[in-house]
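Scroll down for the structure; my scribbles are underneath it.
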Amino acid sequence: MKIDTKIIHAGAEPDPSTGAIMTPIYQTSTYVQEAPGKNKGYEYARSQNPTRTALETALAVLENAEFGLSFSSGVAATDAVIKLLSPGDEVIASNDLYGGSYRLFSKVFEKFGIKFHYVNMADANNVRKYINENTKLFWVETPTNPLMNITDIEAVAAIAKQYKALLCVDNTFASPYLQTPLDLGADIVMHSATKYLGGHSDVIHGCLMMNSEALRDQLYFIQKSCGAVPGPQDCFLVLRGIKTLHVRMQRHCENGEKIAYFLRNHPKVAKVYWCGFEDSPNYAIAKRQMRGFGGMMSFTLQDDSVETATKVLSSTKVFALAESLGGIESLINHPATMTHASIPREERLKNGLSDSLIRLSVGIEDVDDLIEDLNQAIG
Ligand SMILES: Cc1ncc(COP(=O)(O)O)c(C=O)c1O
């Protein structure tokens with residue numbers, strides 16, 4: 001089956017008790033057993049819930065994975081992956097990554113004796129000088145949030161295999177419609193399903209997809225033991241969101257391209273970061289490993305002051321000033337004070353994330369309205 005058909009039918013079986021075409025929201029904490037240990041596969045809702053099972057099946061289908069696991073948020077899914085490790089283990093992570101992932105790594109897990117190296121992975125070989133016998137995990141975000149840097153997933157996967165370490169790819173920005181990292185050799189894919197998978201800015205959710213049953217079992221054990229599970233209503237919302245992923249992504253890509261070129265040609269705009277420009281770094285890799293370039297981008301102004309950036313951020317009328325991304329509506333964001341405020345300033349600047357950088361999540365509205373809005377805000 002082609003992806004558009006798979007997306008609509010993934011995990012969707014008519015409800016066995018009524019034939020309902022949409023998966024019911026099984027709002028229950030427990031399940032009645034016929035006799036001790038004799039049940040229908042469901043015992044207690046932290047361990048299993050039928051709405052979650054349907055979603056996890058759908059999530060696996062989307063990433064060409066054997067298994068999917070869903071969590072109460074993207075960071076909860078990330079947390080589960082790091083809990084595969086033990087004190088003394090080391091992780092090599094992208095240096096330009098979501099601020100919340102950086103905060104979890106540096107403020108929560110470092111004190112449990114896990115060491116993180118933040119590396120510019122524009123050239124995959126840059127990771128080599130940080131590898132030692134304790135290296136157990138590579139954490140790659142591509143495209144990165146917010147500078148849209150691209151890492152060659154196949155190249156890092158080959159290095160990870162050579163050193164028997166795991167590769168987890170945060171695929172939030174691309175969505176499975178544009179990129180499927182397991183096909184490129186990754187071991188685990190992570191999503192903040194809060195973003196493109198949910199797609200409607202109405203749910204916080206995270207997930208992991210993988211092919212190895214042993215890895216699935218370890219992660220399921222962590223999910224069940226640590227308890228960061230989603231409620232059935234949230235699972236339903238993500239399931240419903242997924243059904244239109246392909247049509248939303250097509251429009252995000254079309255609108256994204258038009259807005260990226262509009263910004264690039266605007267006299268008051270200095271630099272636009274969008275991975276679909278032919279002259280953007282690693283464009284050839286992006287073109288090879290992605291099926292489109294999406295609607296995420298960031299830019300700086302010629303007048304590179306925080307005041308001017310703040311004026312633009314406060315002047316849009318269609319783009320809403322808000323954290324998050326990947327919803328149907330367009331959002332404008334100031335990474336330095338919003339999504340990436342948890343990264344120390346020196347660290348941010350070192351990685352090219354300036355105080356005046358503006359990030360856009362281009363939605364699926366009429367693109368002419370979006371361009372007009374940005375035009376009046378930039379002035
Ligand atoms: C790239 C990326 N990864 C992970 C997360 C964390 O996901 P959540 O907010 O669903 O916990 C986010 C959230 O913004 C993100 O943008």
Side-chain angles (χ1 to χ4, degrees), residues 55 59 63 68-83 91 93-109 116 118 121 139-151 153 168-176 178-179 181 186 188-209 223 226-231 234-235 237-238 241-242 252 273 275 290 294-298 320-327 331-343 348 351 353 357 359-362:
L55 173 60
L59 292 168
E63 285 285 0
L69 288 172
S70 72
F71 291 82
S72 54
S73 69
V75 290
T78 305
D79 175 89
V81 175
I82 307 301
K83 283 175 177 160
V91 181
S94 307
N95 64 346
D96 166 31
L97 84 171
Y98 169 59
S101 304
Y102 177 83
R103 180 176 54 207
L104 178 67
F105 297 167
S106 61
K107 296 281 180 343
V108 178
F109 281 109
F116 294 85
Y118 301 97
M121 296 193 195
W139 185 273
V140 169
E141 205 180 292
T142 181
T144 59
N145 178 1
L147 291 170
M148 308 304 298
N149 288 316
I150 299 292
T151 295
I153 298 172
C168 180
V169 176
D170 181 339
N171 201 25
T172 301
F173 262 41
S175 89
L178 301 184
Q179 177 172 279
I188 308 172
V189 169
M190 176 262 156
H191 279 277
S192 168
T194 311
K195 313 295 169 5
Y196 287 110
L197 293 178
H200 295 75
S201 310
D202 51 10
V203 64
I204 296 284
H205 200 97
C207 56
L208 300 174
M209 294 81 145
Q223 182 197 44
C226 299
V229 291
D234 289 353
C235 292
L237 287 171
V238 179
I242 283 172
H252 283 298
Y273 300 86
C275 58
M290 299 174 74
M296 291 304 301
M297 67 197 67
S298 49
L321 177 62
E323 298 206 13
S324 203
L325 60 107
L331 300 181
I332 191 165
N333 168 286
H334 185 222
T337 58
M338 296 166 75
T339 42
H340 291 65
S342 52
I343 300 181
R348 268 197 291 107
N351 299 331
L353 201 169
L357 188 81
R359 189 188 80 184
L360 298 180
S361 169
V362 175

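Below, each value reflects all heavy atoms present in this structure, side chains not excepted, and no hydrogens, waters or symmetry copies. Quick note: residue numbers are just sequence positions, from 1. Remember, it's 1-based here, ligands and their atoms both numbered in the order they're listed.
With hydrogens and angles ignored, the 3.5 Å screen pairs no side-chain donor or acceptor of Gln223 with any backbone N or O of Val229. Between the side chain of Ser192 and the backbone N or O of Gly74, no donor-acceptor pair lies under 3.5 Å. A distance-only check finds a donor-acceptor pair linking the side chain of Ser72 to the backbone of Ala228 [under 3.5 Å].
With sequence neighbours excluded, the residues forming a side-chain hydrogen bond (donor to acceptor under 3.5 Å, both in side chains) with Thr144 are Asp96, listed by chain and number. Residues passing the side-chain contact (heavy atoms from CB on, under 4.5 Å) test with Leu353 are Pro146, Leu147, Pro335, His340, Arg348, Leu357, sequence neighbours excluded. When the side-chain contact (heavy atoms from CB on, under 4.5 Å) test is applied to Ala80, the partners found at least two apart in sequence or on another chain are Phe71, Leu208, Leu219, Ile222.
Contacts of ligand 1 (protein heavy-atom distance under 4.0 Å) are Ser73, Gly74, Val75, Tyr98, Glu141, Asn145, Asp170, Thr172, Met190, Ser192, Thr194, Lys195, His205, Leu325.
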